[in-house]
Amino acid sequence: ARAHGVYAAHSGRHALVTTITAPAGTARPPDCDSLAAAGRLQPGVGAGGEVHVVRVTDGDNKPWPVRYLKKKVLVNDADRAEWGALRREESRRALATLGVPATASTFLGYPDRLLTTMARRGDLRVRDAIAAAVETFAPSLLVIPSAFDLHPDHRAIGWFAHDVAKGSNIVTYVIHGHPPHDRLCFRLDLNAEEATRKRAAIECHQSQLVLSRTRFLSYARPVEEFFHPEFDIARLDTRVRDWSCAMKHAARVVTRRGCT
């Protein structure tokens with residue numbers, strides 16, 4: 001991959017903190033490493049660097065594809081646990097496709113769609129777990145979701161990570177919504193082989209492609225953009241902003257739009 005911008009190093013220790021969750025009743029892209037950072041991960045591994053991916057949730061609370069596949073209306077705890085286990089295994093396969101070894105990922109298993117609610121209640125276990133992961137791995141580059149993302153769990157993770165990694169080298173990415181192009185840090189152009197692996201990684205998430213294949217595969221474009229740190233804007237969202245972002249996110253799902 002070729003980088004354009006202020007950060008172009010391929011080696012070093014790269015940590016990607018991400019999630020696979022979304023608002024109830026909506027479809028969402030599978031895993032952020034496949035969608036937003038496949039190009040970032042591949043050269044890091046290929047150049048002899050180290051990569052570690054931290055999964056904050058398993059994305060188990062997504063009832064509509066479960067209803068569709070199981071032909072049932074009511075989704076119970078056993079269904080959600082089965083779905084989360086499936087998504088975790090798909091994530092492992094996708095990371096392997098990108099050349100990331102099984103030992104280079106951590107699954108925290110926190111509740112899907114509840115990260116902001118936990119923070120509002122003063123439950124800072126997610127923040128502390130991210131802090132421990134960052135301290136243990138000591139990455140030279142931390143790749144985290146942007147405050148501009150429409151997904152509530154993505155924004156919550158971005159807030160947690162900025163809070164515990166002050167002074168770290170950070171870049172952010174957007175999956176759902178409009179990227180803040182005025183904050184662009186660098187852009188990666190994937191070569192043909194890297195782009196092919198990226199698409200293959202996305203296709204590992206078959207459970208997510210059942211209802212939204214066209215939209216998810218639209219992320220298999222050969223360019224990835226990363227943005228400057230957001231210490232100035234990363235914060236715990238108000239309920240009004242949560243509602244506003246949820247409505248915008250739902251509209252993009254209905255119209256099959258990805259990140260533009």
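Everything quoted here is computed from the prediction, not taken from an experiment.
For the atom pair CZ of Phe216 and OG1 of Thr214, the computed distance is 10.5 Å after rounding to the nearest 0.5 Å. Remark: Phe160 CZ to Ile130 CD1 distance equals 6.5 Å, nearest 0.5 Å. Remark: Leu114 CG to Asp153 CG distance equals 7.5 Å, nearest 0.5 Å. We find the OG1-CZ distance between Thr116 and Arg239 to be 10.0 Å, quoted to the nearest 0.5 Å. Here Tyr173 contributes atom OH and Ile144 contributes atom CD1; the two are 8.5 Å apart, rounded to the nearest 0.5 Å. The OG1 atom of Thr172 sits 9.5 Å away from atom CZ of Phe226, with the distance rounded to the nearest 0.5 Å.
A salt bridge between Arg80 and Asp77 is present, with a side-chain N of the basic residue lying under 4.0 Å from a carboxylate O of the acidic one. Using a cutoff of 4.0 Å between basic side-chain nitrogens and carboxylate oxygens, Asp58 and Arg87 are not scored as salt-bridged. A salt bridge links Glu193 with Arg197: the closest approach of a Lys/Arg side-chain nitrogen to an acidic carboxylate oxygen falls below 4.0 angstrom. At a threshold of 4.0 Å, the pair Arg183-Asp232 counts as salt-bridged, since one of the basic side-chain nitrogens sits closer than that to a carboxylate oxygen. A salt bridge between Arg88 and Asp60 is absent, with no side-chain N of the basic residue lying under 4.0 Å from a carboxylate O of the acidic one. Salt bridge absent: Asp123 and Arg120 never bring a charged side-chain N and a carboxylate O closer than 4.0 Å.
No single ILVMFWY cluster, assembled from side-chain heavy atoms under 4.5 Å apart, contains both Val143 and Val223. Under the 4.5 Å side-chain heavy-atom criterion for Ile, Leu, Val, Met, Phe, Trp and Tyr, Ile170 and Leu236 are members of the same hydrophobic cluster. When the side chains of ILVMFWY residues are joined at heavy-atom separations under 4.5 Å, either directly or via intervening members, Leu150 and Met247 end up in two distinct hydrophobic clusters.
Side-chain contact of Thr106 with Arg55: a donor-acceptor pair under 3.5 Å is absent, judged by distance alone. For the residue pair His154 and Ser146, no side-chain donor N or O sits within less than 3.5 Å of a side-chain acceptor on the partner.
Side-chain contact between Asp237 and Pro152 is absent, with no heavy-atom pair separated by less than 4.5 Å. Within the 4.5 Å cutoff, the side chain of Phe227 has heavy atoms near those of the Pro179 side chain. Contact annotation: the side chain of Pro65 never approaches that of Val210 to less than 4.5 Å [non-hydrogen atoms, C-beta and beyond]. Here the side chains of Trp64 and Val66 are not in contact, with every heavy-atom distance at 4.5 Å or above. Looking only at side-chain heavy atoms (C-beta outward), Pro180 and Val174 come within less than 4.5 Å of each other. No side-chain heavy atom of Arg187 sits under 4.5 Å from any side-chain heavy atom of Glu224.
Scanning both residues, His205 and Ala94, for their nearest heavy atoms gives NE2-CB, 3.4 Å. Closest of all the heavy-atom pairs between Ser207 and Trp83 is CB-CH2, 3.5 Å. When every heavy atom of Leu142 is checked against every heavy atom of Ala165, the shortest pair comes out as CD2-CB, 3.7 Å. Taking both residues in full, the closest heavy atoms of Leu108 and Val54 are given as CD1-CG1, 3.8 Å, listed atom of the first, atom of the second, then distance. Between Ser105 and Leu95 the shortest heavy-atom distance is CB-CD1, 3.8 Å. Nearest heavy atom pair, residue Asp149 against residue Ile175, reads OD2-N, 2.7 Å.
Taking the side-chain contact (heavy atoms from CB on, under 4.5 Å) definition, one finds that Ala147 meets it with Glu230, Ile233, sequence neighbours left out. Considering only residues two or more places apart in sequence or on other chains, Phe231 meets the ring-ring contact (aromatic ring centres under 6.0 Å, His included) condition with His162. Arg235 is linked by a side-chain hydrogen bond (donor to acceptor under 3.5 Å, both in side chains) to nothing, counting only residues two or more places apart in sequence or in another chain. By the side-chain hydrogen bond (donor to acceptor under 3.5 Å, both in side chains) test, Arg93 is found to be paired with no residue, residues two or more places apart in sequence or in another chain being considered. Every residue two or more places apart in sequence or in another chain was checked for a side-chain hydrogen bond (donor to acceptor under 3.5 Å, both in side chains) with Asp182, and none qualifies. Partners of Lys72 by side-chain hydrogen bond (donor to acceptor under 3.5 Å, both in side chains), not counting sequence neighbours, listed by chain and number: Asp79.
Taking the centre and axis of the six-membered ring of Tyr68, the NZ or CZ atom of Lys71 falls inside the cone set by 45° and 6.0 Å.
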Inset, instruction - Dump the intermediate steps for side chain to side chain contact (heavy atoms under 4.5 Å, CB included) on Arg125 and Tyr110, then the final yes or no. - result: CA-CA 9 Å; Arg125 286 177 294 166; Tyr110 282 102; 3.6 Å; yes
Inset, instruction - Dump the intermediate steps for side chain to side chain contact (heavy atoms under 4.5 Å, CB included) on Leu188 and Phe186, then the final yes or no. - result: CA-CA 7 Å; Leu188 288 180; Phe186 65 89; 3.9 Å; yes
Legend entry - Working for salt bridge (Lys or Arg N to Asp or Glu O under 4.0 Å), residues Glu203 and Arg199: CA-CA 6 Å; Glu203 290 182 331; Arg199 183 184 175 95; 3.5 Å; yes
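When Arg113, Lys248, Arg155 are each tested for a salt bridge (Lys or Arg N to Asp or Glu O under 4.0 Å) with Asp242, only one passes: Arg155. With respect to Gln208, the side-chain hydrogen bond (donor to acceptor under 3.5 Å, both in side chains) criterion is satisfied by exactly one of Arg215, Arg213, Lys62, Glu90: Lys62.
Between the side chain of Ser244 and the backbone N or O of Val240, no donor-acceptor pair lies under 3.5 Å. In terms of modelled atom types and a separation under 3.5 Å, the side chain of His228 and the main chain of Leu184 share a donor-acceptor contact.
Relative orientation of the Phe137 and His52 rings is tilted, given thresholds of 30° and 60° on the angle between their planes.
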